[in-house]
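Have a look at the structure below before the remarks.
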Amino acid sequence: MREEMQHKKLPPRYDRTCRRLHPSESLSRVREGESHVVRFKTPSEGTTTVADLLRGPITVENTALDDYILLKSDGLPVYHLAAMVDDHLMGITHVLRGSEWLPTFPLHALIFRAFDWEEPVWVHLSVFLNPSGKGKLSKRQAVDPKSGVKAIHVLDLKELAYLPEAVVNWIALMGWSYDDHTELFSMQDLIEKFSFEKLNPSPAAVNYSKLEHFNGVYIRDLPMDELVRRIRPYFTTAGLEAGDDQLLAIAPLIQERIRTLDEAVAIAGFFFREDVEPDAEELLGKNMDAKQSAHAAHRSHEVIAAQSSMDPAIIEPALRDLAQELEITAGQLFGILRLAVTGQKVSPPLIESMEVIGKTKVLERITNAIELLEAQI
RNA sequence: GCCCCCAUCGUCUAGGGGACUAGGACGUGGCCCUUUCAAGGCCAAGACCGGGGUUCGAAUCCCCGUGGGGGCACCA
């Protein structure tokens, strides 16, 4: 069968001009070099029923179907033909694909039937929608915090410092569930527990906050040395020289505080910087003025300097005693020291952090803070 | 416009005629713990899209609306 050159305005479908040509005429016109394509001779009446594992039988009027092109005028097959032949030749038993393929599903089944091939089991999965639930999640969508859209490509997700196991778990639970309460699945669990019956045919909006949650769960579940291995690259990228011993020391301090791996640098970068630069105003203790704060810092310096070790079991009681002596709360005192030592208002546990940083550097940083405070008096 | 698919808390979902006062998770709010932030514990608010049927009985089955999604190439 071949197609005449026609230039109708937006024909909804092929008008079947050449459908009734005798094969011998088609053949001779092809031999004369006439441009042609090969189409599927779709039944002109009746209905076609195809079966999807999740959606049951789907019936369409054959009149709604076109005589689809199978071989293009350049002789190459279109996807519809090529993929079906390929699947058959490879002995594919189950075809799992996105529901956007539903409209061409009848054609695909018809091709199998025309060849008298055994049809595979067809499963049309639900599509992922944007976080807003409006529109299909675009594969090419770039990271866009405004719309809540980040990325869906695994490489992008990795770039965003998500753990592969968290991503797997997250995606597995979109459009599929195991029961009414189990949420954590390793790849091995999924291999064992996955079943077609529990697949959900309705579209699902992606929920990145749930990915964050899973990521936190998996980070907390990591053995310490593994956590070190995973966060190390982010320190390197940030230009911070972090030894494994040091990273191993801080890992327990940050493990339950980070939701993505790159946050390790933001929360713990101060461990590896030569100096910290606390904001002078933030250095003030809660409800305290510069003079009181400077005095507290000064006394802390003396107390810490006097200790034989940076062991938290020794430092913490000493500092608590000091707070009592200064008639301020431990929270007030720790607040000042936190800024002084870490340069941050939010940090890993202070006393433990000081131990990792070491006495010399801690005292240096406190001295620096005292200067900043005294300048404000 | 035409065709197809889908429809339970804001989101992901459990549910497949009575077990539903509709369960879990994320998120949100509150409380506890606490040197900050987290983590953890406890509590709370929060849904069966609407209307008709079927049935002794519907979140569950059927129909019609409505809404959402997808597709209408000599791309894949």
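Below, chains carry the letters A, B, ... as their sequence lines are ordered, and counting in each starts from 1.
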Quiz item: To the nearest Å, how far apart are A:Tyr14 OH and B:A73 P?
Solution: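 One finds 16 Å between P of B:A73 and OH of A:Tyr14, rounded.
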Quiz item: Can you tell me how far P of B:C4 sits from CG of A:Leu54, to the nearest Å?
Solution: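 Roughly 19 Å, once rounded to whole Å.
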Strictly below 4.0 Å: does [X] bring a side-chain N or O up to OP1 or OP2 of [N]?
| X | N | result |
| --- | --- | --- |
| A:Lys286 | B:U36 | no |
| A:Lys134 | B:G70 | no |
| A:Arg257 | B:U36 | no |

Pair assignment for [N], Watson-Crick or G-U wobble, requiring both distances under 3.5 Å:
| N | value |
| --- | --- |
| B:C37 | none |
| B:G16 | none |
| B:U66 | B:A7 |
| B:G46 | none |
| B:C2 | B:G71 |
| B:U55 | none |

Nearest-nucleotide pick for [X], side chain only, options being [options]:
| X | options | result |
| --- | --- | --- |
| A:Arg338 | B:A76, B:U36, B:C4 | B:U36 |
| A:Ala205 | B:C74, B:G71, B:C12 | B:C12 |
| A:Glu100 | B:G70, B:C4, B:G15 | B:G70 |
| A:Ala204 | B:A76, B:A14, B:C12 | B:C12 |
| A:Ser202 | B:U35, B:G69, B:A7 | B:A7 |
| A:Asn200 | B:A14, B:C74, B:A39 | B:A14 |
| A:Tyr79 | B:G40, B:U35, B:A76 | B:A76 |
| A:Lys136 | B:U36, B:A14, B:G70 | B:G70 |
| A:Ala64 | B:C3, B:G40, B:A14 | B:C3 |

Quiz item: Where does the angle between the aromatic ring planes of A:Phe112 and A:Trp117 fall among parallel (under 30°), tilted (30 to 60°) and perpendicular (over 60°)?
Solution: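 Perpendicular.
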Would you measure the distance from the [atom1] atom in [N] across to the matching atom in [M] and give it in whole Å?
| N | M | atom1 | value |
| --- | --- | --- | --- |
| B:G71 | B:U60 | P | 30 Å |
| B:C12 | B:U28 | C1' | 16 Å |
| B:C26 | B:G46 | C1' | 13 Å |
| B:U55 | B:A47 | C1' | 25 Å |
| B:C62 | B:G10 | P | 25 Å |
| B:G16 | B:G23 | P | 14 Å |
| B:G29 | B:U66 | P | 38 Å |
| B:A58 | B:A39 | P | 44 Å |

Quiz item: How far apart are the C-alpha atoms of A:Asp67 and A:Arg19, what are their side-chain angles, what is the distance that settles it, and do they pass the salt bridge (charged side-chain N to carboxylate O under 4.0 Å, His left out) test?
Solution: CA-CA 9 Å; A:Asp67 279 358; A:Arg19 174 189 252 245; 3.1 Å; yes
[X]: partners by side-chain hydrogen bond (donor to acceptor under 3.5 Å, both in side chains), with sequence neighbours left out:
| X | answer |
| --- | --- |
| A:Ser28 | none |
| A:Glu274 | none |
| A:Arg365 | none |
| A:Asp262 | A:Thr260 |

Classify [X] by what it touches in the nucleic acid, base, sugar-phosphate, or nothing, heavy-atom distance under 4.0 Å.
| X | value |
| --- | --- |
| A:Val60 | sugar-phosphate |
| A:Pro348 | base |
| A:His80 | base |
| A:Leu350 | base |
| A:Gly175 | sugar-phosphate |
| A:Trp176 | nothing |
| A:Gly98 | nothing |
| A:Glu352 | base |

Quiz item: A:Ser126 and A:Pro201: which non-hydrogen atoms are nearest, and at how many Å?
Solution: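 Heavy-atom minimum between the residues: CB-O, 3.6 Å.
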Practice problem: Measure distances between side-chain N and O atoms of A:Arg55 and base N and O atoms of B:C5, and say whether any donor-acceptor pair falls under 3.5 Å. | Solution: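 Between B:C5 and A:Arg55, which were checked side chain against base, a qualifying N/O pair under 3.5 Å is absent.
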Quiz prompt | Donor/acceptor link under 3.5 angstrom from A:Ser73 side chain onto base of B:C74 | solution =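 Yes, a donor-acceptor pair under 3.5 Å.
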Exercise. Kindly state whether the ring of A:His80 and the ring of A:Phe40 have centres lying under 6.0 angstrom apart.
Key: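 No.
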Quiz item: Would a line drawn from the ring center of A:Phe105 to the ring center of A:His124 be shorter than 6.0 Å?
Solution: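 Between A:Phe105 and A:His124, the centre distance is under 6.0 Å.
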Quiz prompt | Comparing A:Glu256 and A:Ser99 on RNA chain B - which has the more 5′ nearest nucleotide | solution =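 Result of the comparison: A:Glu256.
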Exercise. Would you mind telling me which residue lines up with the more 5' stretch of RNA chain B, A:Lys345 or A:Pro77, judged by nearest nucleotide?
Key: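 So the residue in question is A:Lys345.
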Exercise. Report, as a single string ordered 5' to 3', how protein heavy atoms within less than 4.0 Å touch nucleotides 19-26 of chain B: B base, S sugar-phosphate only, - not at all.
Key: ----BBBB
Donor-acceptor contacts under 3.5 Å from residues 216-240 of chain A side chains, at least two apart:
residue, atom, partner, partner atom, Å
A:Tyr218, OH, A:Asn169, OD1, 2.4
A:Tyr218, OH, A:Phe185, O, 3.2
A:Arg220, NE, A:Gly216, O, 3.3
A:Glu226, OE1, A:Arg229, NE, 3.2
A:Glu226, OE2, A:Arg229, NE, 3.4
A:Glu226, OE2, A:Arg229, NH2, 2.9
A:Glu226, OE2, A:Arg230, NE, 2.9
A:Glu226, OE2, A:Arg230, NH2, 3.3
A:Arg230, NH1, A:Glu165, OE1, 3.1
A:Arg230, NH1, A:Glu165, OE2, 3.4
A:Arg230, NH2, A:Glu165, OE2, 2.8
A:Arg232, NH1, A:Asp244, OD1, 2.7
A:Arg232, NH1, A:Asp244, OD2, 2.8
A:Thr236, OG1, A:Arg232, O, 3.1
A:Thr237, OG1, A:Pro233, O, 2.8

Quiz prompt | Note: A:Glu302-A:Arg299 ion pair, threshold 4.0 Å (strictly below) | solution =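 So A:Glu302 pairs with A:Arg299 through a salt bridge.
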